[in-house]
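Here's the structure, in C-alpha cells; my notes come after.
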Amino acid sequence: MIAFVTGPVAALAPTTAVIEVGGIGMAVQCAPNTLAALRVGQEARLATSLVVREDSLTLYGFADDDERQVFELLQTASGVGPRLAQAMLATHTPDALRLAVATGDEKALTAVSGIGKKGAQKLLLELKDRLGEPIGAHAPGQGIGTAVSASWRDQLQAALIGLGYATREADEAVAAVAPQAEEALAAGGRAPVPQLLRAALQTLNRAR
C-alpha cells in the first residue's frame with residue numbers, strides 16, 4: 001500500500017493532482033477541497049489510499065491521514081465504493097461524518113450526491129460502530145453536517161485558481177454557477193462543490 005506521496009505538484013486537473021515522486025508523475029484522485037490547497041510547482045504531501053481493481057490501480061489522495069482512514073472505513077459499508085466515499089468527504093469533514101453517524105442525522109448524508117433517504121438509513125446502521133466518536137470540538141449549535149468549506153464561493157474560487165486560472169476568470173466562473181448553488185441552498189441542501197466546479201470549468205472552456 002502507498003500510504004502517502006511527497007513531492008512537487010507537476011500538474012492539476014479538475015479531479016486529479018500529479019505529484020512528482022523520484023522522477024515519476026503519480027496521478028492522484030482528489031476531492032475539490034484537497035485540490036484547492038495545491039499549487040503547481042510547490043511541494044505537497046498527500047495521504048493516499050490505493051484502490052485495486054481487476055483492470056485498474058487508482059490512487060486517491062487526501063489532506064491528512066484522518067481523511068484517508070475515514071475514506072477506507074466508509075468503503076466497509078455495502079454499496080459504498082471509492083467514488084462515493086470521496087464524494088462524502090468532499091461534502092463533509094471526517095468529524096462531521098462521525099457526528100452525523102453518531103446522532104443518526106439522515107439529512108447530513110442525503111446532502112451527498114448519490115445518497116437517498118433509504119441509502120442514508122442503511123449507512124447509518126452499518127457505520128454506527130465503525131467510524132467512532134468525533135475527534136474535534138464542536139461549538140454549541142453547530143450543524144451536524146457542517147460542510148468542508150464555510151463558503152462554497154471561497155472553495156470554488158480557490159480550486160479554480162489552483163488549476164491555473166486568473167482571479168478575474170475564477171470570479172466570473174463563480175458568478176456564472178451561483179444560480180445553481182443558490183437553488184441547492186434554497187431547497188435546504190448544501191452547495192454541491194464538485195458539480196459546481198465541473199460547471200464552472202465548462203463555462204471557462206466556452207469563454208476561451
Would a 4.5 Å heavy-atom cut-off, applied to side chains only, mark [X] and [Y] as touching?
X	Y	value
Met88	His92	no
Thr58	Pro82	no
Leu125	Gln121	no
Glu106	Leu124	yes
Met26	Ile2	yes
Tyr60	Val28	no

Are any side-chain N or O atoms of [X] and backbone N or O atoms of [Y], one a donor and one an acceptor, separated by less than 3.5 Å?
X	Y	answer
Thr91	Ala87	yes
Arg83	Val80	no
Thr16	Ala13	no
Gln42	Leu38	no
Thr48	Gly61	no
Arg130	Glu126	yes
Arg45	Gly7	no

For Glu43, I'd like to know if atom CD has over 12 heavy atoms of other residues, nucleotides or ligands within 6.0 Å.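 For Glu43, atom CD is crowded (more than 12 foreign heavy atoms under 6.0 Å).
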Name of the residue among Thr34, Leu97, Asn33 meeting side chain to side chain contact (heavy atoms under 4.5 Å, CB included) with Leu89: Leu97
Determine whether [X] and [Y] fall in the same hydrophobic cluster, where Ile, Leu, Val, Met, Phe, Trp and Tyr are linked whenever their side-chain heavy atoms lie under 4.5 Å apart.
X	Y	value
Val5	Val18	no
Phe4	Leu46	no
Val21	Leu50	yes
Leu201	Val177	yes

[X] and [Y]: which non-hydrogen atoms are nearest, and at how many Å?
X	Y	answer
Ala85	Leu74	O-CD1, 3.9 Å
Ala44	Val9	CB-CG2, 3.7 Å
Leu12	Ala17	CD2-CB, 3.7 Å
Pro94	Val70	CB-CG2, 3.7 Å

Pair Asp95 + Arg98, salt bridge at N-O below 4.0 Å: yes
Interatomic spacing from [atom1] in [X] to [atom2] in [Y] - rounded to 0.5 Å:
X	Y	atom1	atom2	result
Glu67	Gln86	CD	CD	9.5 Å
Thr76	Leu127	OG1	CG	6.0 Å
Thr203	Glu169	OG1	CD	12.0 Å
Gln75	Ser49	CD	OG	6.5 Å
Arg68	Asp65	CZ	CG	4.5 Å
Leu197	Gln202	CG	CD	10.0 Å

Kindly indicate, with the supporting measurements, whether the criterion side-chain contact (heavy atoms from CB on, under 4.5 Å) is fulfilled by Leu196 and Gln180. CA-CA 8 Å; Leu196 291 173; Gln180 295 179 44; 3.8 Å; yes
Derivation of the side-chain hydrogen bond (donor to acceptor under 3.5 Å, both in side chains) call for Ser78 and Lys122: CA-CA 9 Å; Ser78 58; Lys122 186 177 180 181; 3.3 Å; yes
